[in-house]
Q: 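Before anything else, here's the structure in question.
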Amino acid sequence: MPPLLVSVAIPCPLRRRFDYLWPDSLGRVIEAGLRVRVPFGRREVVGVVIAPAEGAAVDASRLKAVSEVLDERPSLSPPLLSLGLWAADYYHHPVGECLQQMLPVALRKAATPARAKAERWQLCAGVDVSTLPPQAKQQRALCEAFREHGVLSREALGELGFSRATLRELEKKALVEEAATTAAVGGGVQGPPLNDEQQQALVAITDALGQFRRFLLDGITGSGKTEVYLRGIEQCLQQGRQCLVLVPEIGLTPQTLRRFERRFPGRVTSLHSGLADSERLRNWQAARDGHCDIVLGTRSAVFADLPRLGLIIVDEEHDASYKQQDGWRYSARDIAVKRAADQGCPIVLGSATPSLDSLHNGDQGRYHLLRLRQRAGEASEAAIRLVDIRQQPLQDGLSAALLTAVDATLAAGNQVLLFLNRRGFAPVLQCHHCGWIAECAACDARMTVHYKRRQLRCHHCEAVRGMPRTCPDCDNAEWLYEGPGTERLEMNLQKRFRERVLRIDRDSTSAKGSMAALVAEVRQGEPCILVGTQMLAKGHHFPKVTLVGVLDMDAGLFSADYRATESSAQLLLQVAGRAGRAEQAGEVLLQTHCPQHPALQTLVHRGYRQFASTLLAERRLLGLPPFSYCAVIRADAVTLSEAEDFLATLRSALAEPANDWHMVGPLPAPMARRAGRFRASLILQADTRGRLHGQLQRACAVAEGQRAGQRLRWSIDVDPIDLF
DNA sequence: AGCACGCCGACT
DNA sequence: GTCGGCGTGCTC
């Protein structure tokens with residue numbers, strides 16, 4: 001009898017699997033997806049069993065043995081394991097790191113996590129209280145309380161005056177058990193009736209339940225996409241299946257969660273970065289064990305284990321936060337599509353401003369297009385008005401036209417939103433005497449002035465230093481603060497207006513609860529001016545905002561970077577959508593130095609879809625994605641030439657450029673030095689996925705062969721968001 | 001990634 | 001004389 005061998009994924013940056021002996025003492029059947037503790041080098045790590053190994057990679061006598069099996073049943077179910085293996089391959093990332101990242105943090109280490117503490121309890125089915133001894137008065141009383149209330153939470157038990165001990169006693173006697181995450185499952189509140197468009201979209205989706213089908217739900221702001229999701233989910237649940245709903249990082253607000261919970265009480269759980277490890281584990285288990293039917297989560301929730309998955313929804317599918325921006329650079333949206341295909345269930349990608357990728361997929365007939373053009377309720381979509389600010393005097397970055405509009409809006413008792421996507425006081429600090437400029441010591445970048453904190457901060461690394469009192473070169477103390485920032489805008493506007501000015505950006509909302517407090521204040525409805533970055537553009541609805549002013553988006557809209565134009569337009573429309581959501585009509589003023597620019601004209605006068613078509617046509621001409629397949633290999637090192645040399649070596653090991661295959665680089669990154677390291681990239685472009693994949697495979701082999709060490713780091717980005 | 005081994009500088 | 005710097009090599 002040959003010894004049993006298993007192939008294990010180890011969490012280390014090696015694109016390899018490791019074989020281990022499976023000792024008889026473990027006894028159990030080998031199941032893929034089990035977590036195991038294994039010796040690795042001089043330490044012990046947690047790996048995941050991929051499969052029984054056929055023949056060992058090294059001779060079997062040199063293999064080490066699995067120390068321990070950590071799971072009762074596989075932590076990665078067969079469909080998730082195969083999804084993970086596919087994704088590791090697709091993104092050319094080490095399989096051990098991928099599989100580890102798919103698991104909740106609490107399961108990544110060997111110590112069996114303390115079972116997440118129960119919060120709610122209920123009576124077990126068919127309990128006979130009379131079996132309790134008559135002297136157990138407290139226990140009997142507690143059973144009565146359960147009969148009356150159904151489910152009792154920790155707090156409720158405290159309020160009713162029951163002790164922890166009584167409860168524990170009943171749990172031990174198997175009279176009481178942990179209840180599902182939330183209160184009794186029951187009928188939630190009814191949603192509003194659907195209009196024709198919504199109804200059509202809903203029917204299309206529900207007709208597809210039980211089969212793989214991709215939908216692009218293209219619905220303008222306020223058109224009621226979420227209502228379509230909720231109805232679709234309702235149908236899916238009625239068929240006894242579960243749903244996965246992905247939202248952008250910033251979109252998973254308590255409001256969103258509450259909306260789902262009100263509709264489906266007791267059936268929703270969430271997975272996002274705000275949860276403690278134990279809560280995350282608990283919610284993950286609730287989904288896996290089928291206690292919850294809806295998982296609402298951000299990027300990594302795409303790996304939630306839903307054994308009865310029947311529908312996937314990706315809201316705001318164009319949002320960049322679905323793409324992980326370091327390490328394993330996966331796109332949760334794209335993995336979700338793959339997952340739906342594996343599972344044989346429909347997936348709905350929703351957006352008011354769909355990504356060009358998805359629109360292209362729609363054009364190709366891969367995605368079924370569903371459009372919602374009407375706004376639910378009376379309000380019409382706010383038109384964008386261009387304000388030509390060439391040679392116009394600006395006061396605090398605001399043109400006379402915008403100031404007039406602000407005055408009028410406030411006078412009418414409404415609220416104003418001013419969008420400026422640059423936080424801090426001023427992006428540049430310069431000495432008025434000698435021209436010295438404050439630069440980051442570690443990056444090719446200027447330091448941003450943070451006025452109230454009296455600090456200079458680099459927005460590209462962690463660097464922070466105090467504001468110098470005098471110029472380090474000429475010792476003068478007269479400073480120029482160049483350019484606008486949200487902090488400066490807030491301060492200056494506060495001097496000018498008597499109404500409250502509220503700033504919402506990463507700095508003003510970093511303290512826990514401060515975001516909620518700001519949002520609550522705005523929702524009071526008093527006239528005020530909101531100043532903010534893109535944080536303001538997403539998630540929150542402010543019904544009293546009737547004027548949106550966009551101070552400066554020229555840099556993004558007219559950028560040479562081909563993706564920046566797309567994402568700036570999406571952002572602009574998202575911001576514009578904040579205006580006039582309730583019954584009041586809204587107004588959007590966009591300040592620009594290029595009012596005649598054709599792209600802007602198209603966007604403003606002919607709409608996003610037309611704008612997107614124009615951009616797509618451009619990309620087709622230039623052979624850019626989605627008309628080609630793209631990857632970037634990035635390297636960073638202590639010197640620029642080390643990074644470039646490494647990439648040059650890779651380049652020379654790959655196929656010669658041809659008709660269907662191009663390489664660009666190695667090129668230094670636009671901001672070559674960042675956090676003290678020099679960065680360069682090699683761009684790969686192919687006409688087919690297969691071609692790209694093959695070359696990436698070779699690149700990985702060559703790169704791993706190089707003894708790079710600590711001095712040089714490299715990474716692969718498949719389907720990158722930006723090319724550098 | 002970790003972790004050990006290994007060969008050169010300033011310290012009780 | 002040793003403590004400790006991080007270069008380099010290896011992990012079933």
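Treat the numbers as computed from the prediction; the structure is a model and nothing was measured. Each chain gets a letter, A, B and so on, in the order its sequence line appears, and its residues count up from 1.
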Q: Between atom CZ in Arg713(A) and atom P in dA1(B), what is the gap in whole Å?
A: 8 Å
Q: Got a sec, which residues hit side-chain contact (heavy atoms from CB on, under 4.5 Å) with Pro23(A), two or more places apart in sequence or on another chain?
A: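 side-chain contact (heavy atoms from CB on, under 4.5 Å) check on Pro23(A) returns Ser25(A), Leu26(A), Ala65(A), Val66(A).
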Q: Checking contacts here: which listed nucleotide (dA4(B), dT11(C), dC12(C)) is nearest the side-chain heavy atoms of Arg42(A)?
A: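 Of the candidates, dA4(B) comes closest.
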Q: For Phe18(A) and dG2(B), give me the distance from atom CZ to atom C1', rounded to whole Å.
A: 13 Å
Q: Rounded to the nearest Å, what distance is computed from the CZ atom of residue Phe40(A) to the P atom of nucleotide dC12(C)?
A: 6 Å
Q: How many whole angstroms separate atom CZ of Arg16(A) from atom P of dC12(C)?
A: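 So the CZ-P distance, Arg16(A) to dC12(C), works out to 10 Å.
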Q: Within the 4.0 Å heavy-atom criterion, would you say Pro11(A) contacts the bases, only the backbone, or no part of the nucleic acid?
A: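 If one applies the 4.0 Å heavy-atom cut-off, Pro11(A) turns out to touch nothing in the nucleic acid.
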Q: Among Asp334(A), Asp717(A), Asp722(A), find the one that has a salt bridge (charged side-chain N to carboxylate O under 4.0 Å, His left out) with Arg329(A).
A: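 Only one option passes, and that is Asp717(A).
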Q: Among dA4(B), dA1(B), dC12(C), which is the nearest nucleotide to the side chain of Pro13(A)?
A: dA1(B)
Q: For Leu21(A), report the nucleic acid contact type (base, sugar-phosphate, nothing); a contact means any heavy atom under 4.0 Å.
A: nothing
Q: Could you work out, with side-chain contact (heavy atoms from CB on, under 4.5 Å) as the rule, every residue matching Ala340(A), not counting sequence neighbours?
A: Phe212(A), Ile312(A), Cys345(A), Ile347(A)
Q: What is the distance, to the nearest angstrom, from the CD1 atom on Ile50(A) to the C1' atom on dC12(C)?
A: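 Rounding to the nearest Å, CD1 of Ile50(A) and C1' of dC12(C) are 12 Å apart.
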Q: Between atom CG in Asp326(A) and atom P in dA1(B), what is the gap in whole Å?
A: 12 Å
Q: Have Ser641(A) and Asp645(A) got a donor and an acceptor in their side chains that come within less than 3.5 Å?
A: no
Q: Could you tell me the separation between the CZ atom of Arg43(A) and the P atom of dC12(C), rounded to a whole number of Å?
A: 10 Å
Q: Rounded to whole angstroms, how far apart are CD on Glu97(A) and C1' on dG2(B)?
A: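 To the nearest whole Å, that distance equals 12 Å.
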